[in-house]
Amino acid sequence: MTESLDLELGSVQTEEMVLNMGPQHPSTHGVLRLKVLTDGEIVTRITPYIGYLHRCFEKHCENVTYEQVLPYTDRCDYIAAMNNNFGYAVAVEKLMDIKVPEKVEHIRVIVAELNRIASHLLAVGTFGLDVGAFTPFLYCFRDRERILDLFEMLCGARLLYSYIWVGGLSHDLPVGWVEKAYEFLDYFEPQVEEYNNILTFNKIFIERTADVGVLPQEVAISYGVTGPNLRGSGVKWDLRKDDPYSIYDKFEFDIPIGTGVVGTVGDCWDRYYIRVREIEESVKIVRQALEQLPRDGDVHEAIPKKIRPPKGQLYNRTETPRGELGYYIISNGKPIADRLKMRSPAFTALSCIDEIARGWMISDVFAILGSLDIVLGEIDR
Amino acid sequence: MMTFAPYFLILPLAAFAIQIFFGKRLPRKGDWVSITAVGTTLCLAIAMFVMMLFLYEPGAKAEQSFEWFNLGELSVKIGVLIDNVTVIMLLVVALVSGLVHLYSVGYMKDDPRYSRYFGYLSLFTFSMNGIILSNNLLSIYMFWELVGLSSYLLIGFWFEKDSAANASKKAFLVNRVGDIGMFIGIMLFFTATGSFLFSDIFAGVAAGALPLPLLTVAGLCLFAGAIGKSAQVPLHVWLPDAMEGPTPVSALIHAATMVAAGVYLTFRMFPLFTPEALTVIAYVGGVTAIFAAIIAVTQNDIKRVLAYSTVSQLGYMVMAIGTGAYVAGFFHLTTHAAFKAALFLCSGSVIHAMHHAYHKLGDHDSDPQDMRNMGGMKSKMKITFLTMFMATLALSGVPFMSGFLSKDAILAGTLSFATHHPEHFLLPLFGFGAALLTAFYMFRLIFMTFYGKPAKQEVLDNIHESPATMTTPLIVLATLSIFIVYTLPYINPFSDHGWFTDLIVATNSVVPQHVNPSAHEIAEGIHHAHLPAMIISLIVAFTGIALAVVIYLKKKFSAEKLAKNLALPYKLSFNKFFVDEIYDRFLINPTIKLAKAVGFFDWEIYDKYFINGFGRITERLSRFIGITMDYDVLDQQIVDGVGKSTRFFGGALKFIQTGKIQNYLVWVLGGIIIIFIIQAM
Amino acid sequence: MNDLNIYLTVGAILFSLGLYGVITRRNGVAVLMGVELILNSANVNFVAFARFGGMNLSGHIFAMFVIILAAAEAAVALAIIINLYNKFGTVNVDDARSLKQ
Amino acid sequence: MVDYFLNLFADVSWLAAMPAGAQFLLAALLAGLPLFLFVAVNAIIAVYAERKVSAFMQDRLGPMGQGVGLHAGKWGLLQTVADALKLILKQDIIPALADRKLFILAPFIIFIAPFVAIAAMPFNQHILVADFNIGVFFLLAVGSVGVIGIILAGYSSNNKWSLYGAMRSAAQIISYEIPAALSILTVIMLTGSLQMQEIIKAQSGTIWGILPNWFIFNNPFTLLAFFLFFIAGVAETNRTPFDLPEAESELVAGFHTEYSGMRWAFFFLSEYANVFIVSGITAIVFLGGWQSPIPGYMDGPFWGLVWFFSKVVFLILVMMWFRWTFPRLRTDQLMRMCWKFFLPASLVNILGVGLWDLLVN
Amino acid sequence: MSLSDLTFFFVVALTIGSALYVVTSQKLVYSAMALFFTLLGIAGLFVFLMADFIAGTQIVIYVGGILVLIVFGIMLTNRISDVRLSHTSMQRGVGGVVVLLIFAGLYKMISSAPWYLESASAPESSVKGIGKLLMIEYLLPFEVASVLLLAALVGAAMLSRKSKS
Amino acid sequence: MNFNQLVEYINEQFRKEFVQTGEEVPADHISVAASDWKDFAEFLRNDEHLFFDAMMCITGVDFGEESDLGVIYNLHSMKHNHKLEVRITISRDKPVVPSVEKIWRIADWFERETYDMYGIEFEGHSDLRRILLPEDWEGFPLRKDYVFPTSYHGIDIPKMKEGWE
């Protein structure tokens with residue numbers, strides 16, 4: 001009796017069926033359409049159709065000045081707008097060879113990491129939602145709300161900040177902000193444990209995500225997958241450490257990588273858990289940055305009167321919560337860029353969905369999609 | 001005592017179920033479940049034993065039966081019987097089983113199917129207890145088969161090894177041969193007496209329900225089951241192979257308990273056997289005893305020596321029953337269970353140590369069971385050596401040891417039998433011969449294993465004493481092979497008089513016309529033959545030991561040279577009298593050959609000449625007809641005419657054969673309607 | 001209503017309808033439904049006899065066995081139909097007529 | 001209850017002239033009506049409770065009313081009422097490609113099943129529409145009717161998500177019915193009756209003088225049976241973590257994706273009725289029904305009602321607790337759990353109870 | 001005519017009417033749906049025959065099991081994307097005539113046969129009686145039935161397995 | 001390896017005088033002819049010492065209405081942590097570049113995007129469709145000579161350009 005009878009539904013021969021997931025579906029994280037070919041509940045092929053949210057970002061960039069591009073970057077990855085601002089500002093600054101003040105760098109790191117926490121909270125929460133756990137989602141949003149409150153205090157906006165400018169920031173820190181930030185960190189740190197208790201180490205959650213949608217290292221690299229997804233596959237690669245920009249080399253933090261604690265390296269659970277642990281690391285960075293923050297200095301000091309980079313081109317990359325955000329800028333010395341290409345991390349992450357979701361069940365497709373943590377605004381641009 | 005009975009079944013069964021279903025998930029893989037279950041039964045068995053001793057009543061008996069099911073007229077009853085024999089058997093099983101469980105914790109430690117192993121052990125314990133507690137042949141048969149099943153599972157426990165898988169299959173099949181006989185026997189008794197209960201059958205037989213010749217046949221049929229299970233000649237071939245199983249299993253099943261089941265059954269059924277049947281039984285036992293002993297002399301695998309020794313000792317017991325000294329046989333069963341289990345567990349300990357030593361050396365080819373690779377382990381494994389030595393003494397029949405008492409009783413029985421029936425002089429010869437050989441090969445084993453020099457010194461350096469879980473059972477069992485355990489409250493090392501013989505008394509035969517000697521007469525005879533038997537057996541035992549000392553310890557004679565000089569006997573013995581080969585040649589191959597011959601006849605002769613011959617004749621005929629008959633007339637008119645008419649009818653009928661079942665159904669219904677109409681008219 | 005004949009008639013009607021279904025339906029599953037009707041008609045008879053014909057509870061037992069049988073039959077029949085579908089791409093029993101010459 | 005009406009009929013001549021069966025039917029109808037009404041109210045209360053419970057579990061307030069005017073009342077008490085009103089007034093949409101007849105029929109079949117089941121449920125010593133000889137069995141039987149409705153709903157919607165939901169649901173409910181029935185069998189083995197009141201009466205008295213003699217405490221096997229049945233019951237009602245048929249993040253809304261308005265409300269009502277029934281059966285079979293937790297004290301019809309409802313409410317709360325805590329299982333995991341764990345466990349359980357009964361009693 | 005009779009004839013009408021629909025409907029799913037009502041009606045007949053346990057069994061096994069199985073069968077063997085599953089019939093005329101004749105024969109038999117009538121006293125609880133009968137008199141058939149079910153289960157599983165190529 | 005070492009290594013190992021560094025200061029990219037690209041890409045991907053296993057970005061470029069189109073590849077090696085920019089220039093009339101989809105899987109989507117925006121054909125691509133724009137979109141919007149459509153599926157597109165300037 002070692003071999004049990006295979007009585008599950010999958011063993012009955014059925015016809016292949018085309019299932020249109022989206023563009024309107026609760027779990028596609030935006031207007032994404034997946035054409036799923038299924039055999040019973042088993043997925044045999046997935047073809048993603050994207051572009052429903054295409055807003056001609058690159059075409060815009062060739063028509064507006066460098067300053068005016070900034071708000072558009074917000075709208076690409078609207079979950080982590082600070083990081084996108086940051087990446088763009090760093091790219092243009094490099095092109096123009098601007099050195100920004102220490103204080104500005106610190107504030108940038110603080111807000112970027114806070115936004116990383118907020119973004120990861122959203123990813124973690126919605127991933128729970130994707131596998132059917134409703135409560136963790138609301139817990140995450142509760143805490144994310146506090147970060148948004150901090151940002152609101154900072155620049156008045158809650159979602160699209162346009163806070164980090166080329167050469168500086170839009171506003172200096174308001175009075176009492178640093179204390180509030182400390183307060184938040186003190187409150188927030190123990191919360192991570194709560195997420196782990198309610199979701200990460202839940203048996204059902206592990207059943208649903210461990211060993212599912214494994215993304216092997218080579219495949220991940222070949223697909224250009226970056227960020228937490230790549231680290232989930234066990235590759236220790238983080239631009240903040242490996243190709244440091246801004247002042248990230250001044251801080252001490254770890255880069256968590258997937259180890260396959262409950263399943264295989266590179267499965268959904270690993271990708272998920274990387275994010276939880278990155279939240280912890282980001283908290284560490286924010287604390288350090290807050291401690292080292294120079295109290296005086298003008299954040300507008302280095303902002304150029306007119307942004308007119310010299311002729312040349314540059315590919316600059318930064319680490320957003322979703323991975324490597326690259327800007328390829330070609331300047332011909334005019335105030336408008338000749339070409340501005342954005343390489344978005346979610347775009348590459350989504351491209352591998354067929355590879356890793358094939359052969360799993362329909363329910364798993366959502367788990368896998370959720371674990372990749374895509375933002376359609378960034379994919380479609 | 002009755003209240004205890006169910007626990008002997010429920011606890012091991014529950015342990016089995018838990019192990020099989022949840023074992024892997026339990027802490028420590030659940031070995032404690034089985035151990036607790038068996039430990040509890042052991043406690044209960046001890047309690048029952050103590051109660052029995054306090055009661056000290058030879059004929060104590062408690063029986064309870066209930067209706068299991070009834071099919072029309074047939075009412076089948078099963079039930080539980082507890083008397084002194086049961087209590088002792090239960091204690092033996094619980095004790096050996098408990099110790100083996102304990103021992104296995106160490107021995108099987110790293111096995112991937114650890115919990116399953118314990119589950120099987122529990123299943124075995126359950127079924128063995130079932131056999132013992134049954135008061136009827138039906139449930140005995142059921143548990144008998146369950147015992148066979150668990151034996152099969154345990155022999156083939158390492159089924160990745162081909163040899164183990166084959167051995168388990170062999171054991172199963174060989175046992176089936178005996179069991180068929182047994183089933184026929186049971187059914188004979190059942191049809192004659194209408195009941196499976198012992199008491200009913202005994203009463204029925206005493207009332208003459210079966211004519212004497214049929215009774216003999218029925219008895220022998222029952223005994224066939226015992227032949228299979230107790231590995232008597234000619235069905236002994238499975239037991240040595242069964243050594244492929246884990247060693248604790250060999251100790252439990254293939255030395256102490258399961259193989260004793262056959263003896264136990266014969267013992268229980270003794271009153272049913274006619275003198276003719278008993279004679280057959282005695283010879284089967286005697287032949288087995290000497291036969292196996294001869295084989296054991298030349299084997300090199302430590303476990304095989306013990307296996308053949310077991311076969312030989314079982315032969316003793318059966319012979320004792322056949323000669324009427326069946327109390328002695330049961331006594332030997334009890335003592336043998338203890339010291340043979342001890343021997344096996346010791347050998348397991350040795351193998352364990354050898355295995356680890358080889359493992360450490362990275363040697364995966366050498367056989368850790370081969371005695372030729374051993375030697376000099378005395379100093380390294382003191383406890384194992386001492387316990388094994390004691391058990392060996394017991395088996396060889398050295399005074400002050402339990403084996404001496406029981407063996408002596410059997411030999412006295414045979415001697416007495418032969419004095420009354422001089423034509424059966426061979427039986428005592430078998431007995432004493434086997435005793436000599438037993439002493440010889442057992443000491444050969446001891447010397448080859450523990451004395452002298454090993455084949456490889458580095459192996460010896462890596463030998464370590466086994467862990468306490470393994471040595472504790474050894475010590476307990478070795479202690480149980482001292483005579484005093486069985487003779488209390490009397491202490492006379494040369495007499496088997498004690499609680500055992502007081503409590504276990506023979507019953508008279510129930511065979512009608514009373515041709516058998518009564519139990520009392522047999523006991524008298526044995527008593528008279530006691531002294532000569534004792535003297536002879538002592539001489540014989542010490543001769544055997546001395547021979548072993550001379551050849552294997554002092555190396556006065558080279559064993560190889562002896563083997564060369566005695567080429568034929570050596571070869572016979574070494575190759576186990578070619579029994580397997582004989583079976584191969586005379587049973588298996590002939591069957592295959594017969595099949596081939598039939599096939600050959602079918603194809604080569606029948607098909608080629610007969611059928612094809614017909615074809616040829618037909619061909620000639622047709623050619624003849626074709627040439628002679630007028631082509632035009634026959635062909636054009638008659639043949640074509642027939643063809644045309646056939647086509648016409650076929651065309652009409654083909655609409656009926658649509659291949660649609662529903663069409664056919666309509667026709668069937670039409671038929672039914674017609675029947676209706678005919679009925680109505 | 002306490003009249004045996006009514007129940008027997010209902011049983012006969014159900015039987016006839018089931019038979020009609022078996023004869024006329026092309027779809028294997030529909031044929032199976034006809035068979036279920038026939039089995040049910042037998043059940044009605046059994047239970048009716050149990051009530052009126054002195055069959056007592058034995059009638060109930062028989063009805064139960066029929067239900068059990070029906071369950072087994074349905075499982076196997078549907079397995080066969082699905083197999084048929086996989087093999088021939090149709091469940092019409094008259095399309096699968098490799099028996100026809 | 002039915003007997004009460006039957007006695008009443010005996011006094012009215014034309015009613016007494018009717019055959020017994022018809023009288024019984026009428027009495028059952030009359031006795032059942034208020035209970036059916038009660039079930040509808042139950043759903044409204046349960047929905048409100050679910051909202052509040054989930055809100056408290058998720059660190060938020062849930063429906064709240066404030067200020068003067070058209071709002072959801074104090075603490076949002078009127079929220080469900082407002083929802084019900086909205087559902088009644090909402091446009092009834094039947095998709096063009098749906099199978100109209102079946103689409104309309106399906107919610108009723110689903111809705112009727114739990115309502116009929118209530119008929120066999122004793123609320124206290126007297127309030128019981130009909131004490132069937134086959135009480136528990138009747139509940140199980142009626143419970144299985146709903147599956148057909150679900151399949152029909154999923155099938156007739158002509159929507160792939162619905163179909164997936166329906167297939168999943170059917171497989172799930174049918175599978176979990178087996179361990180549920182087998183778990184109840186343990187209790188039936190001990191009581192020797194299928195009648196609800198008999199089962200409850202068998203649970204009177206105490207164990208060791210302290211614990212009430214409920215089957216949950218009776219022996220380890222019935223305790224296990226309680227858990228098996230309750231979990232299987234949760235699975236049968238399609239609630240998280242077994243809500244695969246309507247998994248909103250996967251199948252949009254499963255078999256009722258295409259339903260709206262009043263028809264959708266039927267699904268909703270029947271879900272809560274089912275929750276009530278499963279909790280009710282669990283309370284009756286394992287928790288002593290209307291028996292007082294302190295045996296001998298606070299008995300009587302009124303207290304019986306109180307105890308029964310407090311047990312049911314407790315179990316419903318546990319189910320809500322499950323729902324807002326666990327993620328959802330996958331189909332194959334769900335089925336595996338049923339066939340490879342629940343079924344063997346409940347079978348072994350039956351054996352265990354048999355042995356226990358044999359040995360201990 | 002009393003209310004009880006009315007109910008009875010309503011049940012009979014429901015049973016026969018829906019059975020008729022089962023065998024004549026051109027839509028497979030409608031047939032299945034009608035079968036649902038037929039089975040319920042037959043369960044009702046059982047209640048009238050004081051066989052409450054059988055009625056319950058009928059609903060559990062037929063409605064809860066077999067009917068669902070049939071619906072599954074329908075869905076697995078048809079292109080489920082098409083709602084309107086229609087299917088055709090054959091030899092309707094012949095079949096109708098034959099079946100009518102058969103019914104006539106049966107009816108004649110029913111009406112003319114001298115049935116042995118003995119009104120059984122309805123047992124206090126049919127469940128207990130059935131249980132006793134099953135465990136005593138019909139033990140062997142009961143066991144055989146369980147083996148049959150097992151065999152059917154295994155057989156069905158084997159049949160619908162994907163052949164491992 | 002820094003950029004100069006890379007160039008040196010490529011010239012040694014791949015082909016003599018293969019890379020002519022441009023006159024741009026600082027020199028940070030190498031130009032390759034479209035015909036050499038496929039072989040060169042394989043070399044870059046598989047060579048032990050280069051091992052550019054990750055493709056970071058593909059950027060299409062239009063150098064002006066009168067001049068050529070270009071494709072820029074940003075490569076990166078996870079193993080050695082060095083990067084390289086490769087540039088291919090092609091004529092506007094016949095923009096064909098060999099596809100490297102098989103070498104870097106992500107090139108699949110990046111090439112589709114470049115095709116979508118610039119109309120550069122990637123030879124050997126298995127599934128070269130538009131990715132961000134609708135299937136029936138006309139023209140390649142990021143080309144400098146792109147003419148804005150006036151309507152899409154009958155919907156007028158208002159000229160809102162003044163808002164951007």
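In what follows, every heavy atom counts, from backbone to side chain, and hydrogens, waters and symmetry copies are set aside. Proteins get letters first, then strands, A, B, ... in listed order; numbering begins at 1 in each. Since the structure is predicted, the reported quantities are computational estimates derived from the model, not experimental observations.
Aromatic ring pairs are classed by plane angle as parallel below 30°, tilted from 30° to 60° and perpendicular above 60°; the pair Tyr88(A) and Tyr327(A) is perpendicular. Note: Tyr248(A) and Phe86(A) have tilted aromatic rings, judged against thresholds of 30 and 60 degrees for the angle between ring planes.
With a 4.5 angstrom heavy-atom cutoff, Ile103(F) touches chain A only via backbone atoms. Only the side chain of Thr47(A) comes within contact range of chain F, judged by heavy atoms closer than 4.5 Å. For Asp338(A), the parts sitting under 4.5 Å from any heavy atom of chain F are the backbone and the side chain alike. Residue contact with chain F, scored on non-hydrogen atoms closer than 4.5 Å, involves the backbone and the side chain of Tyr223(A) alike. Of the atoms belonging to Ile50(A), heavy atoms from both backbone and side chain fall under 4.5 Å from chain F. For Ile131(F), the parts lying under 4.5 angstrom from a heavy atom of chain A are both the backbone and the side chain. In this structure, chain F has a heavy atom under 4.5 Å from the side chain of Glu62(A), while its backbone stays farther away. Contacts of Glu218(A) with chain F are absent, with no heavy-atom separation under 4.5 Å from either backbone or side chain. Of the two parts of Arg129(F), only the side chain, counted from C-beta on, holds a non-hydrogen atom closer than 4.5 Å to a non-hydrogen atom of chain A. Contact of Leu350(A) with chain F is made through backbone and side chain together, with heavy-atom distances under 4.5 Å. Residue Tyr49(A) touches chain F through its side chain alone, counting heavy-atom pairs closer than 4.5 Å. Both the backbone and the side chain of Asp53(F) have a heavy atom closer than 4.5 Å to some heavy atom of chain A. Only the side chain of Leu230(A) comes within less than 4.5 Å of a heavy atom in chain F; its backbone stays farther off. In this structure, chain A has heavy atoms under 4.5 Å from both the backbone and the side chain of Phe110(F).
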#### Entry: Chi angles and distances behind the ring pair (Phe, Tyr, Trp, His ring centres under 6.0 Å) call for His82(F), Phe52(F)
CA-CA 8 Å; His82(F) 53 219; Phe52(F) 285 105; 4.9 Å; yes
### Task
Evaluate the side chain to side chain donor-acceptor pair (under 3.5 Å) criterion for residues Tyr152(F) and Asp136(F): first the C-alpha distance (whole Å), next the side-chain angles of each, then the deciding distance (0.1 Å), finally the verdict.
CA-CA 10 Å; Tyr152(F) 179 66; Asp136(F) 56 354; 3.3 Å; yes
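Heavy-atom neighbours of chain A within the stretch residues 111-128 of chain F, taken at a separation under 4.5 angstrom, comprise Glu113(F), Met117(F), Tyr118(F).
In terms of heavy-atom proximity, Arg240(A) sits nearest to Phe253(A) at CB-CZ, 3.8 Å. Residue Val214(A) comes nearest to Val265(A) through the heavy atom pair CG1-O, 3.4 Å, listed as atom of the first residue, atom of the second, then distance. Closest heavy-atom contact between Ala91(A) and Leu314(A): O-CD2, 3.3 Å.
Highest contact tally toward chain A, considering only Lys144(F), Glu85(F), Met56(F), Met55(F), is held by Met56(F) [criterion: heavy-atom pairs under 4.5 Å]. Your options are Val61(F), Asn81(F), Leu132(F), Leu133(F), and the one with the most heavy-atom pairs under 4.5 Å with chain A is Leu132(F).
Figure legend: cation-pi geometry between Arg343(A) and Tyr315(A) absent, as NZ or CZ is not positioned both under 6.0 Å from the six-membered ring centre and within 45° of its axis. Geometrically, Arg87(F) does not engage Tyr73(F) in a cation-pi contact, judged by NZ or CZ lying under 6.0 Å from the ring centre and within 45° of the ring axis.
Applying the 6.0 Å contact sphere to CZ of Arg45(A) captures no more than 12 heavy atoms from other residues, nucleotides or ligands. Annotation: Lys236(A), atom NZ; neighbour count of heavy atoms from other residues, nucleotides and ligands within 6.0 Å is above 12.
Salt-bridge formation is detected for the pair Asp373(A)/Arg322(A): a Lys NZ or Arg NE/NH1/NH2 atom is positioned less than 4.0 Å from an Asp or Glu carboxylate oxygen.
In this structure, Trp137(F) has its ring center no closer than 6.0 Å to that of His54(A).
Here the side chain of Ser351(A) pairs no donor or acceptor atom with the backbone of Ile106(F) at under 3.5 angstrom.
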